[in-house]
Each structure stands twice: as structure tokens, then as C-alpha cells.
Number of protein chains: 2
Amino acid sequence: MARESTTSVDVAKLAGVSQSAVSRVFTPGASVSDRTVEKVRKAAQELGYRPNSLARAMVSGRSRIIGLVVAYLNNQFYPEALEKLSAALQERGYHVLVFLTEKTQGDVNQVIEEILGYQVDGIIAASVALSSELADRCRAEKVPLVLFNRSQDDPGLASVTSKNYSGGRTVAEFLIAGEHKRIAHIAGWEGASTQRDREAGFMDGLSEAGVTLHARGVGNFQADTAADAAREMFKADEKPDALFVANDHMAIAVMDVLRDELQLKVPEDVSIVSYDDVPAASWKGYNLTTIRQPADLMVNSAVDILLEQIADKNAGHLWNRTGMKAPKIEIEAPLILRGSARIPEGWDNEGV
Amino acid sequence: MARESTTSVDVAKLAGVSQSAVSRVFTPGASVSDRTVEKVRKAAQELGYRPNSLARAMVSGRSRIIGLVVAYLNNQFYPEALEKLSAALQERGYHVLVFLTEKTQGDVNQVIEEILGYQVDGIIAASVALSSELADRCRAEKVPLVLFNRSQDDPGLASVTSKNYSGGRTVAEFLIAGEHKRIAHIAGWEGASTQRDREAGFMDGLSEAGVTLHARGVGNFQADTAADAAREMFKADEKPDALFVANDHMAIAVMDVLRDELQLKVPEDVSIVSYDDVPAASWKGYNLTTIRQPADLMVNSAVDILLEQIADKNAGHLWNRTGMKAPKIEIEAPLILRGSARIPEGWDNEGV
DNA sequence: GGGGAGCGTGAATGCGCTCTCTGCCATTTT
DNA sequence: AAAATGGCAGAGAGCGCATTCACGCTCCCC
């Protein structure tokens, strides 16, 4: 039951110093003489001692653990983000504790409670919507929280997204410039802010040019649902000649349906533009023209503002206390031109 | 600094009971009267109390945290496994703390040390090789360890893999039955047991039929390295007419090179068979004939033996103490027939 | 009606550590 | 030479909880 690992007391005994001295040796920036450091390190080495992070967390109140809430990983954007997040945090001495959740509100609540039980120093919530009580809960516990790839109105909630609105708008402009006549949209999950923003930008782009949407389906960010939506949409006599699919993951499934089941050519018969630029988007088998969400930049940004909040908390002035607004970062999202959509004259991959 | 969260003492005070009583209420299977439970629950609710997992871990010696070591996530097999692992563990009341590592020995060592510092209840090491000192280290600390998708000779090391040898062998038999004449191999990382086993099975399958390998390249399980290997391999006059690529991730990159750069047709000019059956393998754009590593089964197996070890440890009889051998599970790995390789007569997807 | 048996409870202990506080000594200042 | 300074070590107080122990209570059976 009891783990008989060596403790700082053992090391202290062997090194002939006090336990406090051992602690200080393993605390960066503590005041210890070189001689003590040497003695302690030697003894620690000998006994295979390593400080117990949990005990340290208990007393110091900082666990150096970041809770990551994530809903699904089949969309390749998330594994990529997870890897980069984890790497970035690890570099700064933090680690990621993973919590999977359904998108359902109740489940998220329960998961957050569980996370708080682990005394995490901060939370990153990727692609989940939080109830405002939940946000309050974290605020009360003083656990900084950053939304990743989702945004919410709550001014106290920090978030990092790409410029979804302008991304969607760019797609509209691009497709119109390409002289497409029947432009359709396959949406993701309509509860997601990313979906709403992308679509809003897209629709505004269309209507500003006096173009109306030819058709609309819902894919819920899932491959098979998107495939079904595509099948349904292409049953019509007037088939779309251009498609804005709300992310790459769905676009790939849609493309499979179009090319493989319906014998349509992309981009000759129908142009496809999507969103994310996951690794698979650049594979030649799909070669998707897509809006890039720069995972690195988004991750770095999220980590930065999270750690900043953590630091600030210790200094005692939180946004939410001072009434300052939490940052809502929006990362530039360029259109990457590839082969899945007709390219109008004058458009090119500037500087990408 | 100090987090002013409510503690069991606060709850006890409000409920008019002792702190021990509160603790017992939150300890499944402890002996408490219904009346006490009710009082305590009510008070806890009121104060928003939730037991501190870290403190609990400290005193009980069990953190309910599993350390997951993983080298990279760009191969889609790993995100999938990670998600399933995390879900399976979460269901059993555990959580995953992620540690990324380079494949280099030194880095792995350091990471494992760090993990041990977190007092994890167990470790799952995915696709990393461990030095035997490291394994000893975990043994000394009594932290159960399971290798995932890698195996090692050390009889005390539990591992879960697919039947790599027989998988490789099946590929050989399949390609020979398909009457391919110039069969080549693009290997993964040669330090990986999976690579060695797959290739050993493959080579044995070839030589048993009196066939010699036409060419061999090394892709290190990385897309661009594999692409380079393919380019190199197809410079020759006598180009391969069949390719066993050591995993899907590389196979996709290779296929891009063959079709897009070299204008070769798959499977007409060259058949490709790979390994893993990641989600992308079944996308119509690639439609890979591949050996399936059933992620679910592998994950469940890994979780089972890990938790079993954890339970056994508490009971006091470890494999490594009793000299019993740790299990080395090998999951059946069927060949999934799709479109990237010529299908010989008489072969079909039996029961898949 | 006395002695177990059995359950529920509270006081107390300590998990391994950080951090404050005090005291010592060596060095500097006046 | 006396006083002030600063650097460093050790003692001690917890962090929030699970767990042991001993005690009181009820119930039951001879």
C-alpha cells in the first residue's frame, strides 16, 4: 500500500543536513550554499531520490498540471493541437491531464468538476461550449480557463480561435471570383461558435455580391453525417458547382462521395473549399483548397494567455476581479490554394 | 497563493460532524450511517465541496493518474489510440497525464523520471523503447508499466502489440499469390520492434516461397522520409511492382509520390500493402489494402493488464517479484482488402 | 442481566513537501 | 572595536485528506 520510495528526509539524513535543506536544493532560486547543494545532490543520486510532485503541489498550491478538455480526436486538427499544446506546456514545466467529454452540457459539467478536483493550475477547453455557471465555478476556484477553437460571449472568458468570420468571407469571395453559379454550404455543428462565425462571414460575403446560397446541408463536423448531407444535396436536379464545407475532415468525406459515388470531378464539376488545413488536406489524394488554421500560432497563443493568467493569479489581480476583459485572440487564417477548387485569375498563394 | 477552496473540515463544521466522517462519506465502501451521509452531502453541496484528489493521492498512495508516454501523434494510429485509452481509463476512474518524448534514449529516461515524480499509478509507453535500467526503475518504484505497440525481450515487461510477425507474413503470401514479381519493402524505424517483427514475418514469407526481396528502403515511419525512399527506389530501371510499406502513414506519402510525381497507377503498375488501417486508409482517395491493428482491442488489452497489475500490486504479489512473466499480448491482425493492391483469386475479406 | 459482537464515530496521526521564522556565523560598515 | 548586514541552515507549522484506534452505543443470546 504505502509506497516505500525515498523521501527528502532520507536524503537529508544521508547528506547530514536538514530536510529543509534538501527541499531548497530542489527548489530553483532558493538560497543554498554550493557545498550543501553538492552534498545533497550526491545523496539524492545515491538513493534515487526525486521530489514528489504531488506533495509539492499540495503545499505550494501549484500542481503544474493543466487540464485539457477535448471532445473528439478524429478530426485531425485536434491531435495536432494536442501534441503541440502538450509540447509547448511541457517546455514550460507543465503537463497535460486529458479529459474526454461528450459535447452534451451535462457531461462537460461533470468533467470540469472532476478536473477541479485535481487542483489543476489551468484549463484549456478545446471545442466545447461551457455553461456560464461553469465558467463562474472556475473563476470562484481561481482556475484560469482558456477556450481553444471556440469562443463565447462571456467577457470574462479568454479564447483563441482563427478569424473564422473573415475566413468564411474569403471563401465566399474566392468562389464568386471563380464564377461559380450555384454555391452551397455544408455546415458543421451548429452549436459551435466556429461554425456560426464561418457561416456568417460566408453568407455576408455572398450577399454583399448579391449572390444567394444555392443549398445548405449540415454535417455536424462528422464524416458520415457530412457524406449523407452531400448525397442529399446532390440528388437535386440543379447540383451545386461549388461547396464550402465547414472543415477538412468533412470535406474529405464529401469529396469521396462526389468522386467515388457520383462520378463527379473536382474541381471541374464542383469546386470544394474547406477549413483547417489539417495534414491530410495537402495529401495529393485530396489536395484541398482550404482556409488554414495555424495550429502552432493558436497553441502558442493559448499557452501564453493561460500561463499569463496563472502568473497573474499569483500576483493577485485577475481579469475577472478587476473587471478587465479577458483576451479573445483571433489568429489570421489565410486561404491556401490547392487543387480542389477552380482558381480565379489574380489569386495566388501570397507568401505562404 | 494559497487556494481558499473549501476543505473537508469546513464541511464537517457545517454538518456538525467530524472531518473523518466527511472523508468516509466520500470514500466508497466506508462505514457511515445514512443520516451522516445525508447531512454531509447537504453541507458539501452548499459549500461546493469536492475532495482534493491530490491530497487524497498523497495519503492513500494512489493518484488514479496514468502516465502516457508517446513519441509522436502525426501517425493517426496514435491519436486514435490515445483517445480510446483515455476513454477506457476514464471509465474506470483514471486519467491520463501526457508526456511527449523524442525517440532518443536520453529523453525517454528523463521523461520517465518526471512521470515517476507525479506518483502515477501506472505507465503506458506507446511506441518507445525503454532501457532496461528504466524498466528496473519502475519496478523498484512499483509502478506498473505496459508497452503499447512495442515489445521488448525483458520478460518482466508487459506489452501489447498486434501479431506483427504473422501480419508481415500474410502480406508476403498475399503479394506472392497476386503474382507480383518484384516485391519491395519500405521499412519504418529500424529500432522499433514492430518494424523488426513485421519485416521478419514478411521476409520469412518471401523466402519460404523462394522469392527474394527486390528492393528495400527506409522511411523511419515518417512521411517525407518514406517519400524520399520511394523516389530513390523508383529511379531504378527495374521498378518494383509491389510494395510493402511498414505503415499506412508512410504508405499514403509513398502513394502520393507514385501517382502524382511518377504517374504510376496503383494497383495496375504497383500494388501497395501497408499496416495499421488508420481511418485515412479507408478513404477513397487512398483505399489502402492494409493489415489492421485493431486499436480498440489493443487499448482494452493494455488497460486490462495495466489495471490488473495495479490491483495486484496492492495485493502484494507482483510478477516481477514472484518471477512470473509479464504478459505479452498479441492481437490478431487481419488483412483488409481494398483497392491499392491486386487481389488474387480466392482471397476475400472474410468476416470483416 | 451480563458479555460479546457489530457498527458508527471522533481524535489523532502522518503522507512528503514548501515556506516562514529564527538563529548562527561571516562579512562589512562606521 | 562595536554594530549592522546578509547569507544560509534548521526547526516547525501546516497543505487536505485517509486511516487507525479506542470508545460508546445498540442489539442479541444464553
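Protein chains get the first letters and strands the later ones, always in sequence-line order, with residue 1 at the start of each.
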Any donor-acceptor N/O pair, A:Lys328 side chain to A:Thr161 backbone, under 3.5 Å: no
Examine distances only and state if a side-chain atom of A:Arg150 and a backbone atom of A:Val128 form a donor-acceptor pair shorter than 3.5 Å. no
Parallel, tilted or perpendicular: which one describes the rings of B:His95 and A:Phe99, with boundaries at 30° and 60°? tilted
Salt bridge or not for [X] and [Y], using N-O below 4.0 Å?
{"X": "A:Arg41", "Y": "A:Asp34", "answer": "no"}
{"X": "B:Arg137", "Y": "B:Glu113", "answer": "yes"}
{"X": "A:Arg50", "Y": "B:Glu141", "answer": "yes"}
{"X": "A:Asp154", "Y": "A:Arg139", "answer": "yes"}

Within the pair A:Ser23 and C:dC17, is there a side-chain N or O less than 4.0 Å away from OP1 or OP2? no
Could you identify which residues of residues 39-59 of chain B place a heavy atom less than 4.0 Å from some atom of DNA chain C, listed by residue number, or say none? B:Met58, B:Val59
To the nearest angstrom, how far is [X] atom [atom1] from [N] atom [atom2]?
{"X": "B:Arg64", "N": "D:dA18", "atom1": "CZ", "atom2": "P", "value": "12 Å"}
{"X": "A:Arg62", "N": "C:dT18", "atom1": "CZ", "atom2": "C1'", "value": "10 Å"}
{"X": "A:Asp10", "N": "C:dC17", "atom1": "CG", "atom2": "C1'", "value": "13 Å"}

Base versus backbone protein contacts along nucleotides 6-13 of chain D [heavy-atom cut-off under 4.0 Å; B, S, -]: --BBBBB-
A:Lys13 NZ: over 12 foreign heavy atoms closer than 6.0 Å: no
